[in-house]
Amino acid sequence: MNKAPPLTENRHEDGAAAQKPERVSVLFPMPLPKAYDYACDGDVPPLGSFVTAPFGPREVAGVVWPSKGEAPPLEKLKTLAGVFDAPPLSPDLIAFIDWAAAYTMFPKGALLRMVMRVSDALEGPRMQTAFIRTDASEGLRMTAQRKAVLAAAGASPRSASDLAAQVNVSEAVVRGLADAGALARVDIDPDPPFAQPDLDRQGPELSDDQQFAAETLAAIVEEGGHKAVLIDGVTGSGKTEVYFEAVAAALKKDPEAQALILLPEIALTLPFLTRVEERFGAAPAPWHSDLTGAQRRRSWRRVADGSARLVVGARSALFLPFQKLRLIVVDEEHDNAYKQEEGVIYHARDMAVARGSLGGFPVALASATPSLETVVNVDEGRYEAVGLSSRFADAAMPDIHLIDMREDAPEAGRWLSPGLVREIDKNLSAHEQSLLFLNRRGYAPLTLCRRCGHKMTAPGSDSMLVEHRFENRLICHHTGFSMPKPTACPACNAVDALTPCGPGIERVAEEAKERWPQARISVLSSDTAPGPRSMRDVLDAMKAGEIDILIATQVAAKGHHFPNLTLVGVVDADLGLAGGDLRAAERTYQLLSQVTGRAGRAEKPGRAFLQTYQPEAPVLAALASGDRDAFLAAEAIGRRDLGFPPYGRLAAVTLRSLDEQALDRTANALKVAAPYADGVEVLGPARAPIYRLRGVARMRLLVKARRNVSLQAYLADWLAAVKVPGPVRVTVDINPYSFL
DNA sequence: GTAAGATGACGG
DNA sequence: CGTCATCTTACG
């Protein structure tokens, strides 16, 4: 931010009499819990206005916030410095920020910062110079280069760099022509508005199920007011088409309405944006962390001025300055990527529902494997539900079989059971594609010294280093630390004693290549380096049938459709169950049902095999029988008995410090200071499962409470009573998902 | 978030 | 006793 524009001087016509200064509260985008008051002698900017004000020794941009009363007397206040020429934040966004700050227990200013992160968006339309052709070209010294530029220029303004690049001359030629009068300079907005969605465009033909669901949603949109609705339908049942209809209805109902579609991952957004464009004839405004500065500013400004009517974005899009948000769709609502774990910790699905509730508009949650939270909300009548039961075009769900690894064990050092190998053999001879799924990047998750038993960990960390054989490096998946794989054990100096333990996808790929040397085998994971092919290329090759066996991590589970894929083998179905956090089984169900759902379609039924050492585990039995609702019901009973969410409340209080003694002392002091309250239990402190990361040690206390007690109030009382020494950092995570 | 004042650690 | 680093506090 450079300089604020001067305070707008919109006095009344009689103007002469100076108005009595008034009080204005301003919230700054910094981790501050409250707004600060200022005097204002001009017109009082309305709530939500972007302003600048002296704050300490400097001038800072902030937002006019609802006043809280008690404050210094008016005479003592500093004066507002300026008002930005930008549309004010809407009252429902202000209410949402206040609510979200109270809920997450982060300072209001920290939440406002998420809204204002687009650094230069407030500068307003900083015009860009562009050029158009004029008629005044007589008497001009003409050169070949000038001629080419004039030919390229027309009535619509284009930038110097754009024109120059087209005819391959320097920008000086363009500027020279402008100075000579043959081109005229015009100012254009560097952030062009987004094309308006065409709401009358005919959507695709809907099945009966889809039609019914779409009409139900449209009716909810028509009715207005807040309601949360689950769109519950298996993969391929056409949830997207259904909520597109809801979007169309919301935007049609009010010509100023805006809608937001939230997606869990950036990777999903690119093909998705195309789908939106096909449906609405215009690409939506995108919002995710990979946008460039200019794209970010454009989306932000056009959302703020209300002209971007449809936004597709990742979780942080929830904090865009919508003028008139009327509908939010949360696609894949169960996805854990909605949980923000850094900075302000929040769950975008829950925040979306709160935003809708405060703004008085509906929120649709879509999933094939809805979260237990959402299912319970439906069961208890807080959310509505529309179901899409039949798979689109009657495609069958794959047959799912369990392979008991205790009975059908692979040879030592191998990971594929004889049963799974036979199935892949069959698929290869039928010229159909197979997917081997293992949610573990790299070659081996653990490297052990055979001589002394030393485990390779990152310096200052307790997390295991994962061998990546393509790069011949050991990598820490938590911090990104990496080192070349040493030849000698760093503990006992034994040479060639470091042994890879357990499989990652690279190791499974190695086994597959040995077993099926004639097959076309590719590896797909989120790692950028290995192999000459990018993720995109591998996905395209898979779709085109140029791969026989794809060995992939989680990235293959999401949103891709492979027409000739008929077999999915899950190498380690038990992987996500270890560690036993409260959502482990649920997550496993969601992930594995999504992966196995990749196999087969109408004309080619698919099958899936899950390798497991615990076939009797309820999750795996439920996957095999396809009985999602029975599984959820059993999970629900388990959670209720233990008083866990959604039947109880949970918060994690995490302490971090380089100084382990201070950490220990503080954790114990906190525990001792925990006030007694009926229905509240404080567990811990316990070391985090990965105790040290980058030298920082972490301990955690968990607060478990009955649903009817306010966790936030309890935590506020508690934490206010304990003096935490400087080097120890405390963060609160309401309703934690990650227990690392 | 940031800058100023307060407190403490080491060096002349 | 002075200077520099680091912690604490306040910002209207």
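Keep in mind the model is a prediction, meaning the values are calculated, not measured. Values below: all heavy atoms of this structure, side chains included; hydrogens, waters and symmetry mates excluded.
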*Asks:* So where does chain A start and stop touching DNA chain B, 5' to 3', when the test is distance under 4.0 Å to a non-hydrogen atom?
*Replies:* B:dG1 to B:dA3
*Asks:* Check this for me: does any side-chain nitrogen of one of A:Arg302 and A:Asp191 sit under 4.0 Å from a carboxylate oxygen of the other?
*Replies:* no
*Asks:* Is there a side-chain contact between A:Ile345 and A:Thr104 (heavy atoms, below 4.5 Å)?
*Replies:* no
*Asks:* Using a 4.0 Å cut-off on heavy atoms, which residues in residues 26-38 of chain A reach DNA chain C? List them by number, or say none.
*Replies:* A:Leu32, A:Lys34, A:Tyr36, A:Asp37, A:Tyr38
*Asks:* Are A:Asp733 and A:Lys339 ion-paired here, with the side-chain N under 4.0 Å from a carboxylate O?
*Replies:* yes
*Asks:* Using a 3.5 Å limit on both pairing distances, list the dot-bracket string of DNA chain C from the 5' end; Watson-Crick and G-U wobble pairs count, crossing pairs take [ ], interstrand pairs take |.
*Replies:* |||||||||||.
*Asks:* Are any of A:Lys78's side-chain N or O atoms less than 4.0 Å away from OP1 or OP2 of C:dG12?
*Replies:* yes
*Asks:* Give a yes-or-no answer on whether the side chains of A:Ser463 and A:His478 include a donor-acceptor pair shorter than 3.5 Å.
*Replies:* no
*Asks:* Going by the angle between their ring planes, with limits at 30° and 60°, are A:His477 and A:His468 parallel, tilted or perpendicular?
*Replies:* perpendicular
*Asks:* Hey, are A:Asp678 and A:Arg706 close enough for a salt bridge, meaning a charged N less than 4.0 Å from a carboxylate O?
*Replies:* yes
*Asks:* Whole angstroms only, please: what is the NZ-C1' distance between A:Lys723 and C:dT9?
*Replies:* 11 Å
*Asks:* Name the one of A:Trp99, A:Tyr103, A:Phe319 that satisfies ring-ring contact (aromatic ring centres under 6.0 Å, His included) with A:Tyr346?
*Replies:* A:Phe319
*Asks:* Can a salt bridge be assigned to the pair A:Glu373 and A:Arg583 using a cut-off of 4.0 Å between side-chain N and carboxylate O?
*Replies:* yes
*Asks:* Classify the angle between the aromatic ring planes of A:Tyr36 and A:Phe55 as parallel (below 30°), tilted (30 to 60°) or perpendicular (above 60°).
*Replies:* perpendicular
*Asks:* Show your working on side chain to side chain donor-acceptor pair (under 3.5 Å) between A:Asp305 and A:Ser307 and close with a plain yes or no.
*Replies:* CA-CA 6 Å; A:Asp305 73 13; A:Ser307 68; 2.7 Å; yes
